[in-house]
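Have a look at the structure below before the remarks.
In what follows, chains are A, B, ... by sequence order, proteins preceding strands, each numbered from 1.
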Amino acid sequence: MRPHYIPLHSMFQDRLHSQLVPALQLAFKALFGHDLAAKAITFQSTRPEFEGDITINVFPFLKVSGKAPEQTAQAIGEFLQKEVPVVARFNVVKGFLNIQISDAYWLGFLREARSKDILQFPSNGRKVMVEYASPNTNKPLHLGHMRNIFLGYSVSRILESAGNDIVRVQVINDRGIHICKSMVAWRKFGNGETPSATMKGDKLVGKYYVEFDRIHKKEIDGLIAAGRSKEEAEKGSPILLEAQEMLRKWEANDPEVRALWERMNSWCYAGFDATYERAGVHFDKNYYESQTYLLGKNDVLEGLKRGVFYEKDGAVWVDNTPEGLDEKVLLRRDGTSVYMTQDIGTAIKRFEEYPGLSQLIYTVGNEQDYHFKVLFLILKKLGFAWAGELHHLSYGMVDLPSGKMKSREGTVVDADDLMEEVVTEARAAGERLSKLDDFSEQEKTELFEMIGMAALKYYLLKVDAKKRMLFDPAASIDLQGHTGPFIQYTYARTQSLLRKAGIMDVWQHEHSGAWPLLPEERTVLKLLHQFPAVLNESATKLDPSSVANHAYELVKAYNSFYQTVPVMKEEDPAKREFRLELSSCVAAVTRKAMWCLGIEVPERM
RNA sequence: GGUCCCGUAGCUCAGCUGGAUAGAGCAGCAGCCUUCUAAGCUGCCGGUCGUUGGUUCGACUCCAACCGGGAUCGCCA
C-alpha cells in the first residue's frame, strides 16, 4: 500500500472533479431516483475533436436511467448546467456527455497557479532514502549506469517535489575479487602508471582489469593446451591464484595490499566524481562495501535462533517455498556471508542510522528482481516493521542497435564518452543555427553542455523505466521532436517573450469575460491543470516517464499556441497580459518538470 | 523445467483504474519565416495493437493457452 503524497483534494484536477461528483449524485437522485456511489463516477478528458473539457461516459448508467444513452446524457447535462456554476455548457455525442468548464474557472486556476509553484507539494513528513548508484571500483561507468543514475536521481527529485524529505545514497562495491584483479595486473604490468590528464583514474583501473582478463584467458588457453580440463584451467590459472591470494591478504589487513587498494580506489573515486559532476548528480552519503560486508551475519544467526531460518549441512538457509520462491543459503558452511547476508545487514543498518526513515528505494536493474524479492521477504520474516516500505526500482537493460552491451566484447558505451559526444553534437547544431553570436565562449560552452545533457537524459527518461530499451546513438543526440532540447527551446521562447514584456507580477487588467478563451489557450491551461496529478502519479509509481511525457505534451501545445496566437503583438492589453501570464506559468511548470528529470533549462538558445 | 518481464505504424515509444474513428516523435511527402526564437508550426502517408479463445453492452487495456524475445532460479559477486 503506497501512500498518497498529498490529499487528493489539493490537486486541481481532483478539486474540479469534487465539484462535479456531488452534483452528479444529486442528478441521479432527482432524475432517476438512484443513489449513485461516488466511486462509480469516472471522468475522462474530452477528446480534442469534440467541444468540452471533461467527459462522462453514461453507458454504465443506462440500467439505472432506463433511457437511451443520448437521453440519459442529455438529462444529466441539463441538470449539471443548471446546478453547477463551473459547468458552462455541454454537448452529447452518442453515450458521451462532454462538459465545458467555464472560462472563469480556468482563469481562476491560472491566477492561483501563478501565485505559487504548483509542482511543489507541502511536506508530508516522510523521509525517503533513494539508492541510485552502486558502481564497482574496477571499471568505469557505462551507459547502463547512466540509465540507473538518471532514473534514480529523477525519482528522488520527483519524490522531493511530492513533499518527501530525501536522502540520496550510493553503495560502492570497493572490495572483492574484482578489485584484486585490477590490483594484481597493475602491480605486475603497470610500471607505476598513475592517472593523468588523458587517463582518468577509473579508466586506468579499468584498463588493468581488462589486462588481467587478457592474461587470465591466455593462461587458460595454455593450460588447456597442456592437457588440463577447461574447469581445471580456469581455476588453476596462476594470475587468478595471485588475485585470490591478494584477496586473502586484504581480508587479513595486510598493510601493503591495503595501501595499494586504498590508492587504486582513490583513483577510481576521483574518476567517478568527475563523471557524476558532469551528469549533475550528487549523494548525501556513500556506503562502502568494505565497511558493510560483514554486516548481516549476526542478524541471520539471530533469525536462526528464533526459528526464522534453519540449518542444513552446516549452512544456514531460509525456506521461501511457501511464498512460491526457493530455498536460499544465507551463511555458508564455513560461516561466511553471501551477498544476500550483506544486503540484510545493510538494510537494517540504514534504518538504524535514519530512525525516521519511511521508505527505502533501491535503483537496480531488473536482472536482480528475484534477489530483491527474496531480500524483502526475508526482512519481513525477521519482523521489521519497515520491510513493507522497501522498494526495488527496477529498470530494464539498455540495448544497442548492434545488440546487447557486453563488456567482454568491448561493446559497452562509456559514460564519459557518451556525455562528450552528446555535448559535441549539441555544439555542432548550435553553431549551425548561429543564433548565439553575442554569446561568449564560456556562455556557449555552458549552454551546449546543458543542451547535450538534456538530450541524453530525456532520451533515457522518457521511456517507461521497467522496460528494456534501445539506445540509438543517432536518436539520442537528436534535438528535434520528442526530445529534451525541444522542451528547452520552448522554455527559451517563453523567456524571450517575458524579457520583452518585462517582469509582470500583478494582473493589471481584469478578465471581464468579454472574450472567450481560444482553443489553443484552453488546451495549454488544461495541461497545466493536470500537472500536479501527473506528478503525484509519477511519485506514486516511481516513474519519471509520466512527468517527461507530460512536459512534452505541454510544450507542444504551447508551441502550437505560440505559433498561431499573438502575445506581444496583441493590441488589447488585457489579452496580452493574460497570454503573458499563461506563458509565464508554462515556463514555471516546464522548468520544474525538467528539474524533476534532473535537466536544466536555458534562458536563450 | 519453475518464476518473472516484454511483444502497438518502416524505426523508437505513449496509451491512466476496460469506453468515442488506437496517439506522438523519427524516417518519407507537401506547405509556412519583411511580423513575439523555423531547435518551430500545419497537412499527408503509414497499424488485422504477437496469435487464438474467454469475460463484457463495450477489450490495446482483464483472464487463459500458445508463439516470439529477455531475465532469473550458486554454500558467485
Side-chain angles (χ1 to χ4, degrees), chain A residues 39 42 44-47 49-50 55 57-60 62-63 69 93-96 98 136 173 175-178 289 293 312-317 324-339 342 365-371 373-374 394 396-397 399 401 404 426 429-430 432-433 435 451 459 462-464 466-472 474-476 478-483 485-490 492-497 499-501 533-534 537 541 545-546 548-550 552-553 555-556 559-570 576 579-580 583 604-605:
Chain A
K39 275 189 293 189
T42 53
Q44 49 184 302
S45 303
T46 305
R47 294 177 66 98
E49 59 267 36
F50 302 106
T55 293
N57 183 342
V58 300
F59 265 98
L62 297 184
K63 278 179 194 152
V93 181
K94 292 194 262 183
F96 296 88
N98 300 321
N136 291 349
N173 300 303
R175 53 130 252 141
I177 191 71
H178 51 286
E289 197 200 351
Y293 79 109
K312 188 173 76 181
D313 304 330
V316 178
W317 295 73
L325 305 174
D326 297 310
E327 295 173 289
K328 167 85 188 162
V329 166
L330 298 179
L331 286 177
R332 296 189 191 100
R333 203 181 330 186
D334 63 6
T336 56
S337 295
V338 294
Y339 213 62
Q342 289 182 46
N366 65 7
E367 76 259 354
Q368 296 204 41
D369 283 355
Y370 182 77
H371 174 82
K373 221 182 257 184
V374 173
S394 168
M397 296 294 101
D399 287 332
K404 293 171 70 168
R432 213 180 302 133
L433 292 168
K435 296 184 193 175
I451 295 171
Y459 183 84
K462 71 178 175 183
V463 181
D464 186 353
K466 67 172 184 289
K467 287 189 182 168
R468 168 179 284 269
M469 70 175 287
L470 182 84
F471 184 84
D472 178 355
S476 74
D478 207 332
L479 310 173
Q480 292 166 7
H482 190 184
T483 65
F486 170 59
I487 298 173
Q488 290 177 315
Y489 172 74
T490 311
R493 272 186 154 176
T494 63
Q495 296 315 100
S496 173
L497 272 184
R499 271 195 304 274
K500 284 196 166 64
V534 172
E537 181 197 333
K541 290 166 57 184
S545 70
S546 308
N549 288 313
H550 203 77
Y552 171 67
E553 295 294 325
V555 299
K556 201 155 67 95
N559 270 316
S560 202
F561 157 83
Y562 180 93
Q563 207 85 18
T564 48
V565 180
V567 180
M568 286 311 288
K569 286 182 299 185
E570 171 60 50
R576 189 171 62 235
R579 288 172 193 160
L580 284 165
S583 301
R604 287 181 53 190
M605 72 183 270

Regarding [X], tell me which of base, sugar-phosphate or nothing describes its non-hydrogen contacts under 4.0 Å with the strands shown.
{"X": "A:Ala315", "result": "base"}
{"X": "A:Ser545", "result": "nothing"}
{"X": "A:Ile451", "result": "base"}
{"X": "A:Ser496", "result": "base"}
{"X": "A:Lys467", "result": "sugar-phosphate"}
{"X": "A:Glu537", "result": "nothing"}
{"X": "A:Leu497", "result": "base"}
{"X": "A:Val463", "result": "sugar-phosphate"}
{"X": "A:Arg468", "result": "sugar-phosphate"}

Report yes or no: do [X] and [Y] form a side-chain donor-acceptor pair below 3.5 Å?
{"X": "A:Ser583", "Y": "A:Thr494", "result": "no"}
{"X": "A:Asn98", "Y": "A:Arg47", "result": "no"}
{"X": "A:Asn549", "Y": "A:His482", "result": "yes"}
{"X": "A:Asp369", "Y": "A:Ser394", "result": "yes"}
{"X": "A:Thr483", "Y": "A:Asp478", "result": "no"}

Position toward the 5' end of RNA chain B (nearest nucleotide), A:Asn57 or A:Asp478: A:Asn57

Return whichever of A:Phe561 or A:Gln44 has its heavy-atom-nearest nucleotide of RNA chain B closer to the 5' end. A:Gln44

Would A:Phe96 count as stacking on B:rA20 if stacking means ring centres less than 5.5 angstrom apart and planes tilted under 30 degrees? yes

Side chain of A:Lys373 only, please: which of B:rU3, B:rU37, B:rU72 is the nearest? B:rU3

Given Watson-Crick or G-U pairs with both distances under 3.5 Å, what dot-bracket string fits RNA chain B, with | for other-strand pairs and [ ] for crossing? (((((((..((((.....[...)))).(((((.......))))).....(((((..]....))))))))))))....

Whole angstrom is fine here: how far is it from [atom1] in [X] over to [atom2] in [N]?
{"X": "A:Tyr552", "N": "B:rA39", "atom1": "OH", "atom2": "P", "value": "16 Å"}
{"X": "A:His482", "N": "B:rA27", "atom1": "NE2", "atom2": "P", "value": "15 Å"}
{"X": "A:Glu553", "N": "B:rC13", "atom1": "CD", "atom2": "C1'", "value": "12 Å"}

A:Phe471 and A:Tyr459 aromatic centres sub-6.0 Å: yes

Under 4.0 Å from OP1 or OP2 of [N]: is there any side-chain N or O of [X] that close?
{"X": "A:Ser394", "N": "B:rC5", "result": "no"}
{"X": "A:Tyr562", "N": "B:rG40", "result": "no"}
{"X": "A:Arg579", "N": "B:rC36", "result": "no"}

